[in-house]
Amino acid sequence: MNKYSFNINTYLAVGAMLLGIVLIDSYGIIIKSLGDTYSTTQLLVFRNIFAIVPLIFLILFSQDDSKIFRDLNKKFIIICLVRGLCFTGVNIFFFISVINMEYAIAMTLTFASPFFIALLSIFILKDRVGVYRWSAIVIGFLGVIMIMRPTSDVFVIYSIFPILVAFFWSLSMIVLKFVPENISTAKIQFYSLFFSILGALLLYVFSSGHQTIESMRHLFLMAMTGILGGTGGILFIYAYRLMSPSKLAPFEYLGIPSSFILGWIFFKEAPIEQLFPGVIAIVMAGMIIIWRDAKKENLQRDNKKFY
């Protein structure tokens, strides 16, 4: 029975992860296609507001609607504020990246998040980091440098923004460690999204260059960025709650060939020379961290059995 349940959870987790990757890639394609017509902050507002739609379904499905406004405290609100502002940063830098860069390159550089998480864990969670994690951080950093090529004609200033996406995403994941386990995903997402919407509205008010929406098709696409992005984010959380990160994280790297294929189909981009060999170093760095986490997890499990 346990083995059967494990297999079911594995398939569900991997399926949710793969679907989440497709949805995130799809919403990135929409952002890139609309980026020449509308301002980044205008797209950001629509993305965040319409992310409420899948969140409402999550709240109703999990039957957490009665608990959303209960048992609030200052620490929880501050954590959600930080996460909300991180999400605002993630989205704004993500939009700038995919609009101004070749799609596959922008998406690949965001995969710097595993070694940012390792690095931030040292300073925020006071984790002790051994030779494997330090090796991964160095290898991943070299991979990013090889793709960005800061000393060559290929380098553009926009290459920095996907790295900022990875940094703010990693920070939003790290602060989750301070949220008690008894607080539901729906509740965390509700308040994080609330502050993210506030951040987006403030940026919109104090920025310029906004355009009147040209057609119902554009309005529909802008709404879909929020629905697709919000649903993708929920699927990622669902997947990681079904299966340990060390076992599931390798599937995230399927987003690299996925973004390459979509960039080629929709925008006729094929930046193979710039992606290699840096992309190999980034994946290798992530796999080292994943392997080390899995080894540590197995050791802790064996110790519990022993005692």
Notebook entry, point to check: What salt bridge (Lys or Arg N to Asp or Glu O under 4.0 Å) pairs are there with at least one residue in residues 224-234, not counting sequence neighbours?
Noted result: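 Residue pairs with at least one partner in residues 224-234: there are none.
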
Check: When clusters are formed from ILVMFWY side-chain contacts under 4.5 Å, directly or step by step, what else is grouped with Phe206?
Finding: Leu202, Val205

Check: Between Thr110 and Trp169, does a side chain to side chain contact (heavy atoms under 4.5 Å, CB included) hold up when you go through it step by step?
Finding: CA-CA 9 Å; Thr110 63; Trp169 172 256; over 6 Å; no

What residues form a ring-ring contact (aromatic ring centres under 6.0 Å, His included) with [X], not counting sequence neighbours?
X: Tyr204; answer: His210
X: Phe50; answer: none
X: Phe194; answer: none
X: Phe46; answer: none

Would you say that [X] contacts [Y] through its side chain, given a criterion of any heavy-atom pair below 4.5 Å between the two side chains?
X: Leu221; Y: Leu34; result: yes
X: Met17; Y: Val14; result: no
X: Ser215; Y: His218; result: yes
X: Phe76; Y: Ile79; result: no
X: Met101; Y: Leu109; result: yes

Could you check whether any side-chain N or O of [X] sits under 3.5 Å from a backbone N or O of [Y], counting only pairs where one atom can act as donor and the other as acceptor?
X: Tyr158; Y: Ile99; result: no
X: Lys32; Y: Gly263; result: no
X: Tyr191; Y: Ile68; result: yes

Note to self: Count I, L, V, M, F, W, Y as connected when their side-chain heavy atoms are under 4.5 Å apart, and connections chain through other members. Are Val22 and Leu18 then in the same cluster?
What the structure shows: no

In Å and rounded to the nearest 0.5 Å, what is the [atom1] to [atom2] distance from [X] to [Y]?
X: Leu201; Y: Ser196; atom1: CG; atom2: OG; result: 9.5 Å
X: Leu228; Y: Ser26; atom1: CG; atom2: OG; result: 6.0 Å
X: Ile30; Y: Phe266; atom1: CD1; atom2: CZ; result: 9.0 Å
X: Arg70; Y: Lys187; atom1: CZ; atom2: NZ; result: 9.0 Å
X: Ile31; Y: Leu44; atom1: CD1; atom2: CG; result: 8.5 Å
X: Tyr38; Y: Ser33; atom1: OH; atom2: OG; result: 10.0 Å

Notebook entry, point to check: Step by step, would you call Thr225 with Leu43 a side chain to side chain contact (heavy atoms under 4.5 Å, CB included)?
Noted result: CA-CA 8 Å; Thr225 62; Leu43 294 171; 6.0 Å; no

Notebook entry, point to check: Counting only heavy atoms not in Met284, do more than 12 fall under 6.0 Å of its CE?
Noted result: no

Notebook entry, point to check: Got more than 12 heavy atoms from elsewhere within 6.0 Å of CZ, Phe178?
Noted result: yes

Can you give the donor-acceptor pairs under 3.5 Å from side chains of residues 90-98 to other protein atoms, not counting sequence neighbours?
residue, atom, partner, partner atom, Å
Asn91, OD1, Tyr27, OH, 3.1
Asn91, OD1, Arg47, NE, 3.2
Asn91, ND2, Asn48, OD1, 3.3
Asn91, ND2, Phe87, O, 3.1
Ser97, OG, Phe93, O, 2.6

Next item on the list: Tell me, with the steps shown, if Phe236 and Ile24 meet side chain to side chain contact (heavy atoms under 4.5 Å, CB included).
Entry: CA-CA 10 Å; Phe236 271 82; Ile24 296 297; 4.1 Å; yes

Counterpart residues, side chain to side chain contact (heavy atoms under 4.5 Å, CB included), relative to [X] (two or more places apart):
X: Thr212; result: none
X: Ile52; result: Ile56, Leu193, Ile197
X: Thr231; result: Leu23, Pro54, Ile227, Leu235
X: Pro271; result: Glu102, Ala104, Ile105, Phe260, Glu269, Leu275

Measure across [X] and [Y] and return the closest heavy-atom pair with its distance rounded to 0.1 Å.
X: Pro162; Y: Ala106; value: CB-O, 3.5 Å
X: Ser207; Y: Leu203; value: OG-O, 2.7 Å
X: Gly143; Y: Ala281; value: CA-CB, 3.5 Å
X: Ala51; Y: Gly230; value: CB-CA, 4.2 Å
X: Ser259; Y: Asp25; value: N-OD2, 3.7 Å
X: Ala186; Y: Leu58; value: CA-CD2, 3.9 Å

Item checked: Pairs flagged by side chain to side chain donor-acceptor pair (under 3.5 Å) wherever residues 72-84 is involved - sequence neighbours left out ->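 Qualifying pairs, neighbours excluded: Arg83-Gln189, Arg83-Ser192.
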
Item checked: Verdict with reasoning, Val82 to Phe195, per side chain to side chain contact (heavy atoms under 4.5 Å, CB included) -> CA-CA 8 Å; Val82 172; Phe195 288 115; over 6 Å; no

